[in-house]
There are 2 protein chains.
Amino acid sequence: MKSEDIARLAGVSRSTVSRVINNYKNVPEETRRKVMQVIERYQFRPNNSARVLAGKKTDTIGLFIVSIAEKDNINRVYRNNYFSPFVDAVIDNANANGIYVLVNSIYSLQDYEKIKRAFLERRIDAGIVVGTEKEIDVIAQVASMGYPFSIIDYSPEEIVRKIKKGKVAVINSTDDEGTRKMLEYLIGLGHKEIGILSGRMNTYSGRIRYDTYLKVLAEHGIETRKEWVLKGEFIKKEAANEVMKMINHGKLPTALFCCNDDMALSAIEVFRNEKIRIPEDISVAGFDDIMPASLVKPALTTVRVPLYSMARKAVEEVLKMLGETSDNISIHSLETELIVRDSCTAVSGAGITNDSFTA
Amino acid sequence: MKSEDIARLAGVSRSTVSRVINNYKNVPEETRRKVMQVIERYQFRPNNSARVLAGKKTDTIGLFIVSIAEKDNINRVYRNNYFSPFVDAVIDNANANGIYVLVNSIYSLQDYEKIKRAFLERRIDAGIVVGTEKEIDVIAQVASMGYPFSIIDYSPEEIVRKIKKGKVAVINSTDDEGTRKMLEYLIGLGHKEIGILSGRMNTYSGRIRYDTYLKVLAEHGIETRKEWVLKGEFIKKEAANEVMKMINHGKLPTALFCCNDDMALSAIEVFRNEKIRIPEDISVAGFDDIMPASLVKPALTTVRVPLYSMARKAVEEVLKMLGETSDNISIHSLETELIVRDSCTAVSGAGITNDSFTA
DNA sequence: CTGAAAGCGCTTACAG
DNA sequence: CTGAAAGCGCTTACAG
C-alpha cells in the first residue's frame with residue numbers, strides 16, 4: 001500500500017493525498033474526508049524514508065549516553081541509577097510530541113563517531129548528549145553542520161568558547177547552590193570538620209561540586225585536611241577504597257560530603273563494616289537523590305538534581321531550535337533542592353538537633 | 001556530499017561507489033581502495049533514507065516498553081528498577097552488531113498503535129516487546145506482515161495459539177524453577193506457614209510465580225491461609241496495603257514469598273514500621289534481584305532473573321530471524337538463580353541455620 | 001483547488 | 001569488471 005494506491009482508491013492524484021497527509025490548508029473539507037477515509041480503511045502510513053528523501057524531517061532525535069563505566073562492567077551502576085530516569089524522561093517527552101528517539105551508548109572515544117554517523121546518514125534531526133567525558137570537538141563539528149544539540153552537564157563557558165556556530169542548548173542543574181545549601185546545612189549542624197569525596201574532575205558537575213565545597217568552607221573560615229579530601233571519581237569502588245584509606249589514616253572528619261549518592265552509599269557501607277555509626281560517629285551527605293537514597297538505612301540526606309525537568313528541557317529546546325533558522329546558544333540551569341533525611345546529624349555536644357533544620 | 005560526488009572524485013560511476021559501500025566481491029582491490037580513500041577523506045556516509053527506499057534494511061530495531069505504571073506517576077518505580085538494565089542491555093547488544101535502537105514507551109492500549117505505525121512507516125526492521133499487558137493481537141498482526149518479534153515474559157502456549165504465522169521468539173526465565181528453589185529453600189529452613197504477595201495476574205511471570213507457589217506447597221503437604229495470600233500487583237503501594245491488612249488481621253506466617261523485589265522491599269518497610277523484625281519475626285523473600293535488593297538491610301534473599309542474557313537473546317533472535325525467509329516460532333527459557341542473603345532465616349526452634357543452605 | 005512532473009540519493013538487475 | 005538506467009515512495013514547486 002502506497003500513496004499511489006490511496007490516490008486511485010480515493011479518485012484523486014498522489015499530490016492531493018500528500019496534501020491531505022501534510023495538512024495543507026487548500027484542500028476542501030470534502031476532499032480531505034474522502035481521502036482520509038481511504039487512508040484509515042487501509043491503515044495507510046507513508047513510508048518514512050520516502051518522506052525524508054523528499055525533504056521532510058526524520059522526526060527522530062538521537063539520545064547519546066556517554067558512560068563512565070567500562071563496557072564489560074556488568075554492574076554499570078552509575079548509569080543505571082543516575083541515567084535511567086533521564087532516558088525515560090527524554091523518551092516520554094519526545095513521544096508526547098510525536099518524536100521518535102534513537103538511543104545510543106557511548107563507551108569509548110571511538111564510539112563518539114556514532115554521533116557523527118547518525119547525522120551524516122540522516123537518521124536523526126537533532127541530538128541530546130548526556131554523561132561523562134563529552135568529546136566537545138565532535139559535537140562542535142556536528143553543530144556547525146546546523147544540527148541542534150542539547151548538552152547536559154557541561155561547562156557553559158567552554159561551550160561558548162568552543163562552539164563557534166550552531167544551535168546548542170546547555171542544560172545544567174544549580175549544583176553550586178545545591179552544594180552550598182548542603183554545606184551550610186552541615187555547618188549549621190555544628191560541623192567544622194567536613195571531608196569531601198569528590199567526583200570526576202573531567203565532568204562539569206564534578207568540578208562545580210568540588211570547587212563550591214572549597215569556596216563555602218573558605219567563606220566560613222573552615223579549614224579542611226588533605227586526608228579528608230578523597231577522590232572517588234563518582235564510582236562506588238574507588239569511593240570505598242578512598243574511605244578505607246581515610247579510616248586507616250586515623251582521625252575522621254565529623255561529616256563527609258559525597259559528590260554523588262553512589263559514593264555516599266558506598267561510604268556508608270564501608271563505615272558500617274568498620275563499626276563506625278552513621279550519623280552518630282560521622283554524618284554522610286550525598287548528591288543526586290537517586291532511587292536507593294531513600295531506601296537505605298539510614299536514609300540518605302542529599303541534594304536532589306531535577307533530572308526529569310532537565311530531560312524535558314533538553315527535548316523542548318532541541319525541538320524549538322529545529323524550528324528556527326538562526327544559530328543560538330542558550331544556557332539553562334534548573335534548581336537543585338536540599339533533601340534532609342537521616343544520614344546527617346548535629347555534631348555531638350553542639351547542642352543542635354536535626355529537627356531545627358527540617359522544620 | 002552524495003555518492004555521485006564520490007564517484008566523480010574517484011573517477012568511477014555511482015554504481016561502483018555503491019558496490020564498494022556494500023562490499024560486493026567483484027570490485028578489484030585497486031578500485032576499492034581508490035573509492036574508499038575518497039569516502040574517508042570526505043567522511044561520506046550514504047543517506048540512510050535513500051538506501052532504505054532502494055531496498056536496504058533500516059538496520060534499526062524497535063524496543064517497546066509497556067509500562068505497568070501510570071503515565072503521570074512520577075516514580076514509575078517498577079520500570080526504573082526492573083526494565084532499565086534490560087533497555088541498556090538491548091542497546092548494547094544491538095549497537096555491538098551495528099544496529100540502531102528506537103525506544104518507545106507504551107502507557108495505554110491506544111499507545112499500542114505506535115508499534116504498528118513504526119513498522120508501517122518502515123522505520124524499523126524488527127521489534128522487541130517487554131513489559132506488562134502485551135496486546136498480543138497487535139503483535140500478531142504485525143508479525144503476520146513478516147516482521148520479526150522478540151517477546152519477553154509471555155505465555156508460550158498463548159503465543160502458539162494466537163500467532164498463526166510470523167517470526168516470533170518468546171524469551172522467558174525459568175520462573176517456575178526459581179519459585180520452586182525459593183520455596184524449597186524456605187521449607188528447608190523449617191517454614192510451614194508461608195504467605196505470598198502475588199504479582200499481576202495478567203502477566204506471565206505473575207501467574208507462573210503464583211501457580212508454582214500453590215503447586216510446591218501442595219507437593220509438600222503444606223496448607224496456606226486465605227489471609228496469607230496477598231495481592232500486590234507488582235506495585236509497592238498495593239503491596240504495602242496488603243501487608244498492613246494482614247498485620248491487622250492477626251496471625252502472621254513465618255515467611256512471606258514476594259513475587260517481585262519491589263514488593264518485598266515495600267513489605268520490609270511496613271514490617272519495620274510495625275516493629276516486626278526481619279528475619280527474626282518473619283522471613284521475607286523477593287524475586288528479580290534488582291539493584292537495591294543487595295543494598296537494603298537486611299539484604300534481600302531473592303531469585304535472580306537473568307535480564308541481561310534475556311536482552312541479548314532477544315536481540316540475537318530477532319536479528320537471526322531477519323536473515324531467514326521462513327516463519328518460525330521459538331521459545332527460550334533462561335535460568336533463574338536462588339540468591340541467599342539475609343532476609344530469610346530458619347524458623348525459631350527448627351534447629352536449622354541459614355548457613356546449612358548457603359554452603 | 002488540483003494534477004503532471006521533477007527530484008530526493010541511493011541500489012541493483014541488465015547489458016556489455 | 002563496470003556504467004547507464006530504472007525504480008524505490010514520497011513532496012512540492014509549477015502550471016493551469
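Sequence lines set the chain letters: A, B, ... in the order given, protein chains first and strands last, and positions in each chain run from 1. Computed from a predicted model, the values in this text were never measured in an experiment.
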Let me know the distance between CG of A/N26 and C1' of D/dT11, rounded to the nearest Å. 14 Å
For A/S49 and D/dC8, is the shortest distance between a side-chain N/O and OP1 or OP2 below 4.0 Å? no
Selection from D/dT12, C/dG9, C/dT11 that lies nearest to any side-chain heavy atom of B/K56: C/dT11
Only one of B/V160, B/V318, B/I151 passes side-chain contact (heavy atoms from CB on, under 4.5 Å) with B/V168; say which it is. B/I151
Using only side-chain N and O atoms of A/S18, determine if any of them is under 4.0 Å from OP1 or OP2 of D/dT11. yes
With distance as the sole criterion, do the side chain of B/S13 and the base of D/dA4 form a donor-acceptor contact below 3.5 Å? no
Does this structure show an ion pair linking B/K2 with B/D5, if we count only N-O contacts that are shorter than 4.0 Å? no
Applying a 4.0 Å non-hydrogen cut-off, can you work out what B/N48 is touching in the nucleic acid: base, sugar-phosphate, or nothing? nothing
Pairing nucleotide - C/dA13, Watson-Crick or G-U, each distance under 3.5 Å: none
Between P on D/dC8 and CE on A/M1, what's the gap in Å once rounded to a whole number? 15 Å
Ranking D/dA4, C/dT11, D/dT11 by distance to the side chain of B/I21, first place goes to C/dT11
Of the candidates D/dA5, C/dG9, C/dG3, the side chain of A/T16 sits closest to C/dG3
Need one value for A/R14: base, sugar-phosphate or nothing, where a base atom within 4.0 Å counts as base even if backbone is also close, heavy atoms only. base
Please answer whether the main-chain N or O of A/R117 pairs with a side-chain N or O of A/R123 as donor and acceptor at a distance below 3.5 Å. no
Can you tell me the distance, in whole Å, between the CZ atom of B/R122 and the C1' atom of D/dG9? 10 Å
Distance, P atom - from D/dA13 to D/dG9, rounded to whole angstrom: 23 Å
As a test of reading the structure: which of D/dG9, C/dT2, D/dT2 is closest to the side chain of A/K2, going by heavy atoms? D/dG9
Picking from C/dT2, D/dT11, C/dC10, which would you name as closest to the side chain of A/A54? D/dT11
Integer-rounded Å distance: D/dC10 P and A/D59 CG: 15 Å
Who is the Watson-Crick or G-U wobble partner of C/dA4, with both distances under 3.5 Å? none
Once you round it to whole Å, what is the distance between P of D/dT11 and CD of A/E4? 13 Å
Can you tell me which nucleotide in D/dT11, D/dA4, C/dC8 comes closest to the side chain of A/R51? D/dT11
Out of D/dA13, C/dC8, C/dC10, which nucleotide sits closest to the side chain of A/R19? D/dA13
Determine: side-chain N/O of B/S3 to OP1/OP2 of C/dT11, distance under 4.0 Å, yes or no. no
For the pair made of CG in A/L120 and P in C/dC10, what is the distance, rounded to whole Å? 11 Å
N or O in side chain of A/N22 less than 4.0 angstrom from D/dT11 OP1/OP2: yes
Could you tell me how far D/dA6 sits from D/dT2 if I compare only their P atoms? Round to whole Å. 22 Å
Flag the pair A/F149 / A/F119 as yes when their ring centroid distance falls below 6.0 Å, and as no otherwise. yes
Does atom CD of A/E324 have more than 12 heavy-atom neighbours from other groups under 6.0 Å away? yes
Integer-rounded Å distance: D/dG3 P and B/R8 CZ: 15 Å
Side chains of A/V66 and A/Y112 in contact at under 4.5 Å (non-hydrogen atoms): yes
Measure the distance from NZ on B/K25 to P on D/dT2 and round it to the nearest whole Å. 16 Å
For a quick check of understanding: with a heavy-atom distance under 4.0 Å over all strands, which category does B/N47 fall into, base, sugar-phosphate or nothing? sugar-phosphate
Closest of C/dT12, D/dG9, D/dT11 to the A/L53 side chain is D/dG9
Is the side chain of A/N97 donor-acceptor paired with the backbone N or O of A/I99 at a distance under 3.5 Å, no angle test? no
On DNA chain D, more 5' by nearest nucleotide between A/Y24 and B/S15 is B/S15
